[in-house]
Amino acid sequence: MPKVFITGLGFITSIGNDAAAVTQSLRELRHGMVVYPPFQKADCPVKIAAPVKDFDTDSPDPEDWTYPECYRVRREVLRSMGPNAFYAWCAMRQAIEDARLAEDDISNEDTGLYAASGGSPHLFGHLLNKMHDQGVMRCSPMGIVAAISGTVNFNLVAQFRIKGASTGFSSACASSSHALGFARDEIALGRQKRMFVVGAEDGNTDSILPFAGMRALSLQTDPALASRPFDAARDGFVGTGGAAVVVLESEDEAARRGARPYCEVAGWGQASDGHNVAISHPEGHGLAAAMTRALRSAALEPAAIDYVNAHATSTPIGDISEAHALRAVFGPSGARPLVSSTKALTGHGLSLAGALETGICALALRDGFVPGSAHITQLDPACADLNIPRETLEKQITRVLNNSSGFGGANVAIVLKKS
Amino acid sequence: MTDSANNNPSKDDSSKNTAGTTPPLPTQTQENDEAALRESLKRCSPVTVEAALAFRVTRDPAFVPAIVIGIVERFVEPDLRSKLKGGADDVRLIDDLGIDSLTMMEIVILVEEVLQVQINNDELRNLRSIGEVKVFIDCKLRGVPPPAPARFLPIEQIAAVMPMQPPFLFLNEASVGASGAEGKYKITGDEFFLQGHFKGNPVMPASMMLEALGQLAVLALVEGIIPSEDGLAVDPATIYFTSCEGVRCHRICRPGDLLSLSVKPKRAKMPLATFEGQIRVGQEKAVVVEEITLTFGYAGAPAAGTAPVENTTATALETTDSAATAPANS
């Protein structure tokens with residue numbers, strides 16, 4: 001099968017709005033959490049979020065938004081976007097520039113786009129409120145395409161004139177990892193030469209706070225302590241938004257263009273827990289199976305993996321479940337890869353997570369570092385056997401595994417290899 | 001999602017106006033209405049906002065043009081807004097202002113909200129120019145039926161109904177309404193008559209521009225712009241040119257120019273129909289004709305009383321060509 005490479009990245013995140021800023025934050029363990037003003041209400045126990053910086057997309061009217069001047073865009077482009085699609089549009093521009101793609105490289109039948117987002121709950125709420133308050137015919141004609149869960153692929157495919165395969169993925173927090181896995185297959189099977197993979201979420205009151213009801217969000221008031229994957233005192237995740245775009249290309253296409261790949265997407269695997277609609281399998285069975293399949297797909301033994309970017313969101317149950325899965329996969333061979341959760345810095349971006357963390361792993365492979373797992377004061381004894389660096393290590397690694405788990409027990413593992 | 005909606009700050013804010021058990025005082029309601037209207041029109045010009053506020057009080061249709069133009073202007077990209085200046089009613093929403101069907105929906109929703117009218121999808125489809133939009137809204141507010149919408153004809157439909165055919169058909173598209181017809185013709189440079197007109201200097205002959213206007217008048221007749229007698233339809237085979245008066249050429253037209261043609265009926269009774277017409281290129285006047293008269297008959301009716309002068313419009317037009325072919329500024 002032809003090899004598949006990552007040749008471009010784009011980031012709009014709580015820890016930086018380009019690859020350089022994200023890398024610097026990872027190296028310095030600089031987190032993106034803040035005391036988030038919209039949450040500061042007496043009836044809201046959640047106080048912390050990890051918003052995208054330099055963008056104000058709170059208004060349901062995109063013409064009210066403020067954002068960096070370099071992304072200035074015509075109204076007719078902006079009008080059909082929620083915050084998630086606009087973040088993705090900005091990240092897409094970066095990724096295209098990073099991969100040095102010409103217009104002809106983007107708009108042709110051999111180039112596709114897979115995207116993941118949960119839609120824009122805020123815009124959807126606004127649309128429905130307006131419909132109920134002012135009548136059916138007062139709904140914005142753009143409301144639906146800007147709000148429903150396919151909004152990111154609708155907008156990007158149209159705006160960037162994508163002609164190849166395109167669709168949206170919906171497996172909650174595993175969505176963009178699924179998108180990446182299937183995009184890799186499109187290229188590996190010879191169906192496409194190039195794929196854009198996009199993860200994007202709004203990261204505002206309406207996309208984050210509904211998780212409060214299921215007690216999944218951290219109630220910490222100190223931004224530096226709010227997200228603590230693997231810490232004994234972790235109490236939930238911190239919501240974020242933003243977008244990450246990963247450009248995948250076939251080996252031939254990368255060579256033809258003279259592209260300098262970040263790394264190879266060597267394999268991937270997925271498996272389901274078949275257990276609970278919202279809770280990970282307590283023994284991490286599904287995630288372990290996904291990792292095993294990913295390793296088999298990449299033809300690698302567990303001991304070959306240097307670093308695992310864990311899904312670990314900082315919830316009490318989820319992190320332990322993943323620790324069990326890691327133990328099941330790596331323990332028998334005695335392998336002890338470095339394990340960290342960069343969500344301690346970025347927050348958890350739901351559909352964004354898989355693409356963002358794959359991008360982080362690609363940066364780590366290219367630049368020779370292992371992101372530390374921040375904010376651990378007291379390691380949970382249940383994770384004591386994991387090889388968790390508390391600080392970022394300057395270390396050249398060659399093989400990385402990235403985990404994602406979503407509602408319904410959907411698990412995806414992706415193996416990246418230094419090229 | 002329910003919890004989320006209850007926590008939504010914007011919802012909390014919007015519910016302030018209706019909170020409590022005491023009904024708001026009339027002045028408060030007025031103030032709230034005005035504030036809501038200003039919010040809806042926040043990206044429109046002050047003139048538009050003031051016209052809308054005045055309209056809410058007086059219901060005077062005289063404010064409608066300023067409101068409608070102001071709302072259209074708000075949705076037009078800044079670099080195209082100059083086309084709306086000067087009150088040109090024939091500025092077209094799609095071709096001239098780049099307004100697509102979804103933007104049209106946004107415009108309609110805002111117009112509906114400001115003028116408190118309801119506009120149906122069917123009524124929208126044929127509104128192609130600013131003038132048509134203004135007339136339509138005015139009729140809507142006055143409670144009278146809007147004029148029949150202009151019918152748009154692409155080149156295929158024009159060719160299907162016209163006696164003239166390529167390479168002697170100088171309309172790329174047209175729309176025919178109750179008050180006249182509009183058409184477009186782009187001079188490609190490949191036209192046969194440019195080969196010798198002039199040597200090394202291709203200029204569309206004025207006679208051909210009059211021919212194009214005459215063809216638009218023919219199309220207007222064929223499409224029934226003249227109220228039919230006894231339900232009879234105009235027979236295309238009976239239409240011929242008879243006369244042309246008051247022709248003035250203002251501009252040389254060359255390959256690449258897009259001619260915007262328009263004709264309006266001045267008087268009509270079988271067998272004669274007289275039109276005024278003009279051609280513009282962008283905002284520049286190219287040709288003005290005070291009167292083009294055609295003769296016509298109805299299908300199945302007795303033959304027209306006036307014999308046709310010539311067999312084709314072009315041949316007949318040659319009789320007035322000596323003045324018309326000279327470039328206006330030569």
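A, B, ... follow the sequence lines: proteins, then strands. Residue 1 opens every chain.
- With chain B as partner, the option from A:Arg74, A:Met137, A:Met142 having the largest number of non-hydrogen pairs under 4.5 angstrom is A:Arg74.
- Ionic pairing of A:Glu63 and B:Lys42 is not present here: no N-O contact between side-chain nitrogen and carboxylate oxygen is shorter than 4.0 angstrom.
- Between B:Arg43 and A:Asp64 the shortest side-chain heavy-atom distance falls below 4.5 Å.
- Around the CD1 atom of B:Ile155, the shell of radius 6.0 Å holds more than 12 heavy atoms that belong to other residues, nucleotides or ligands.
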- Item | salt bridge (Lys or Arg N to Asp or Glu O under 4.0 Å) between B:Asp100 and A:Arg75, worked out | CA-CA 13 Å; B:Asp100 64 15; A:Arg75 196 192 76 86; over 6 Å; no
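- For B:Asp79, the part sitting under 4.5 Å from any heavy atom of chain A is the side chain, from C-beta outward, and nothing else.
- Ranked by heavy-atom pairs under 4.5 Å with chain A, the first of B:Glu106, B:Met105, B:Gln118 is B:Glu106.
- Taken to the nearest 0.5 Å, the CG atom of A:Asp61 stands 8.5 Å off from the CD atom of B:Glu39.
- Only the backbone of A:Cys139 comes within less than 4.5 Å of a heavy atom in chain B; its side chain stays farther off.
- Summarising the local packing, CZ of A:Arg215 is surrounded by 12 or fewer heavy atoms from other residues, nucleotides or ligands at distances under 6.0 Å.
- Interatomic distance, CD1 of B:Ile109 versus NZ of A:Lys130, reported as 7.0 Å (0.5 Å rounding).
- Taking every heavy atom of both residues into account, B:Glu77 and A:Glu76 meet most closely at OE2-N, 3.7 Å.
- Other residues, nucleotides and ligands contribute over 12 non-hydrogen atoms within 6.0 Å of the CD atom of A:Gln40.
- At most 12 heavy atoms of other shown residues, nucleotides or ligands fall within 6.0 angstrom of atom CZ in A:Arg161.
- Going from atom OG of A:Ser80 over to atom CG of B:Leu102 covers 8.5 Å, rounded to the nearest 0.5 Å.
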